[in-house]
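One structure below.
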Amino acid sequence: MDEIIKVENLTHTYGEGTPFCRSAVEHMDFAVRRGELLGLIGHTGSGKSTLIQHLNGLLKPTEGRVLLDGKDIWAEPKKIRDVRFRVGLVFQYPEYQLFEETVYKDIAFGPANMGLRGEELDRRIREAARFAGLDEGLLDKSPFALSGGQKRRVAIAGVIAMEPEVLVLDEPSAGLDPRGREELLEHIRAYHRERGNTVVLVSHSMEEIARYADRIVVLAHGRALMDGTPREVFSRAAELVRAGLDVPQTTRIAMELQKRGLPIDPAVYTVEELARALLALKKGGGRGC
Amino acid sequence: MLKDITLGQYFPGNTLAHRLDPRTKLLAVVCYIVAIFSCHSAWAYGAAALTLIVSARVSKVGAKALLRGLRPVLFIIAFTAVLNLFYTPGEVLWTWWVLRITREGARTAVAMMARITLLITGTFLLTYTTSPIRLTDGLESLLNPLKKLRVPVHELAMMMSIALRFIPTLIEETDKIMSAQKARGADFESGSLLRRAKALIPLLVPLFISAFRRADELATAMECRCYHGGEGRTKLHVLRFAARDYLVLAFYVALAAAIIVLD
Ligand SMILES: Nc1ncnc2c1ncn2[C@@H]1O[C@H](COP(=O)(O)OP(=O)(O)OP(=O)(O)O)[C@@H](O)[C@H]1O
Ligand SMILES: [Mg+2]
């Protein structure tokens with residue numbers, strides 16, 4: 001698979017020249033492959049938000065480069081707006097960015113900035129609303145009359161409507177109830193499958209990332225600590241715990257069982273997988289405990 | 001861009017300047033301003049500048065941070081300097097077309113620049129080394145006599161401390177909303193004046209909404225803790241002068257007096 005975004009030796013220092021100067025990202029290398037759903041995970045303050053704001057040129061690297069389709073996005077600083085249309089970024093708590101009179105108009109803001117008008121604009125707005133799980137009936141309402149979860153969907157639709165090649169979501173499920181979380185993530189997964197577009201999902205919930213991502217990059221203290229499939233990452237559970245991260249509950253159960261002498265692979269990370277592994281053990285007539 | 005606004009920004013530390021009573025620093029700044037406006041000769045400006053440099057050294061505030069505060073007013077400094085340079089009558093040094101520089105004009109321009117620079121960096125040193133809470137505490141205590149004249153000193157101080165407290169928050173929020181709208185292709189930096197003003201709507205609407213929400217939350221939180229104005233309210237940290245306060249104050253009073261009398 002080819003790499004759509006490549007980050008080379010990226011360092012970002014906030015507040016240079018003040019007493020508050022600190023590096024949020026240090027010498028980071030990582031890549032986003034075309035068409036994948038990449039999970040980005042790390043403890044609070046590990047630099048996730050800082051990193052992803054480099055992907056669409058909102059932040060400028062203190063050191064290092066960001067390549068989009070092999071081209072340095074800062075090669076032509078005047079064209080940085082085009083990069084923002086190609087890499088769509090949904091911020092953490094995006095519901096605070098809504099400003100229009102109606103949901104419809106707010107979703108239109110991004111694509112209208114791209115110069116779209118008329119039918120194409122309308123099509124994109126309706127399609128984005130569907131992908132984000134918004135009812136048609138909500139489109140004429142004021143965004144300020146919606147619930148928090150609905151507002152967030154409006155904000156996500158506003159970015160999807162730009163039809164970016166890469167959709168980056170910063171903790172889209174933070175602060176939602178379990179049902180709202182699941183619904184939202186299912187919508188994102190459906191968007192990913194239907195469109196075949198690249199999606200980068202930032203989260204600090206291991207369960208979430210384990211269920212949805214094809215590949216996981218683990219950040220710790222501004223560096224990329226691990227990079228691999230969920231199975232590969234969760235097989236290094238002890239390291240994850242040391243990096244201040246949790247492992248999915250299923251992985252934890254499997255680890256405990258293994259510690260007690262059962263021949264089970266501790267890298268199982270979904271309930272279904274664990275169930276299958278346990279059934280196989282039972283059938284195989286393994287030792288009881 | 002927004003990061004240049006350092007007004008009301010406090011750099012925590014534990015230097016002599018940080019430990020001083022806020023009233024001392026406020027009065028010292030007043031003395032310093034009086035001194036600057038009484039300066040005429042070069043030695044007086046030198047003394048004022050030296051005092052500032054030493055104070056900055058003591059408070060461990062870097063020159064870079066201090067000068068950064070000047071950036072927003074650079075235009076005003078340049079403007080006054082140019083006005084003074086060309087429009088002061090006196091002994092002509094140089095003319096070209098309608099422009100004319102006089103000896104007096106050059107002198108005033110330089111003096112003006114020095115004055116504004118010292119004034120601004122001096123006051124910035126105060127806000128850099130004093131937390132907003134302590135600053136308003138000091139102000140309230142200094143203005144207390146005005147209560148007799150029915151001036152709502154406590155309310156004013158509270159309003160000021162809330163405003164100061166929320167400046168960095170609002171700047172941060174503005175930055176965040178701006179980034180979010182830029183991610184959707186908003187363009188704040190180019191186009192005609194009208195277009196640029198229009199481009200501010202996606203920034204200002206969410207900003208106002210969140211400011212009102214914050215104000216509401218803050219009011220509720222204050223009421224929940226039984227806040228009912230200044231009447232009968234006591235302080236957790238009572239301000240007290242120490243020996244160092246008298247010394248510093250004496251120095252600044254002496255500086256102002258010396259410049260007024262000798263210059
Ligand atoms: N605008 C800023 N100015 C100064 N420092 C910042 C700024 N934004 C972030 N930082 C610092 O950079 C570090 C990384 O922050 P970042 O927001 O990237 O973390 P994060 O991984 O997204 O955390 P979270 O999970 O809480 O969202 C933090 O230590 C933070 O204090
Ligand atoms: Mg974050």
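Computation of the quantities below employed the complete heavy-atom set of this structure, encompassing side-chain atoms and omitting hydrogens, waters and symmetry-equivalent molecules. Given the structure is predicted, the values throughout are model-derived calculations rather than measurements. Convention: sequence-line order gives letters A, B, ...; per-chain numbering from 1.
By the neighbour-count criterion of 12 heavy atoms within 6.0 Å, atom CD of A:Glu63 is densely surrounded, having more than that number from other residues, nucleotides or ligands. B:Lys235 NZ: more than 12 foreign heavy atoms inside a 6.0 Å radius. More than 12 heavy-atom neighbours from other residues, nucleotides or ligands sit within 6.0 angstrom of CD on A:Glu120. Surrounding CZ of B:Phe208 are at most 12 heavy atoms belonging to other residues, nucleotides or ligands under 6.0 Å away. Summarising the local packing, CD of A:Glu119 is surrounded by 12 or fewer heavy atoms from other residues, nucleotides or ligands at distances under 6.0 Å. Other residues, nucleotides and ligands place no more than 12 heavy atoms under 6.0 Å from the CZ atom of B:Phe79. Within a 6.0 Å radius of CD in B:Glu172, other residues, nucleotides and ligands contribute 12 heavy atoms or fewer.
Contact annotation: the side chain of B:Arg213 approaches that of A:Tyr96 to within less than 4.5 Å [non-hydrogen atoms, C-beta and beyond]. With a 4.5 Å cut-off on side-chain heavy atoms, A:Phe85 and B:Arg184 do not count as touching. Between A:Phe99 and B:Pro206, the closest side-chain pair of non-hydrogen atoms falls below 4.5 Å.
Between chain B and the residues A:Glu100, A:Arg81, A:Gln97, A:Gln53, the largest count of heavy-atom pairs under 4.5 Å involves A:Gln97. Here A:Asp106 is the residue among A:Asp82, A:Ile80, A:Val90, A:Asp106 with the most heavy-atom pairs under 4.5 Å with chain B. Among A:Val87, A:Asn113, A:Asn56, A:Val83, the residue with the largest count of heavy-atom pairs under 4.5 Å with chain B is A:Asn113.
Neither the backbone nor the side chain of A:Met114 comes within contact range of chain B; no heavy atoms are under 4.5 Å apart. Proximity to chain A is absent for every atom of B:Leu203, based on heavy atoms less than 4.5 angstrom apart.
Note: A:Leu89 CG to B:Ser179 OG = 9.0 Å, rounded to the nearest 0.5 Å.
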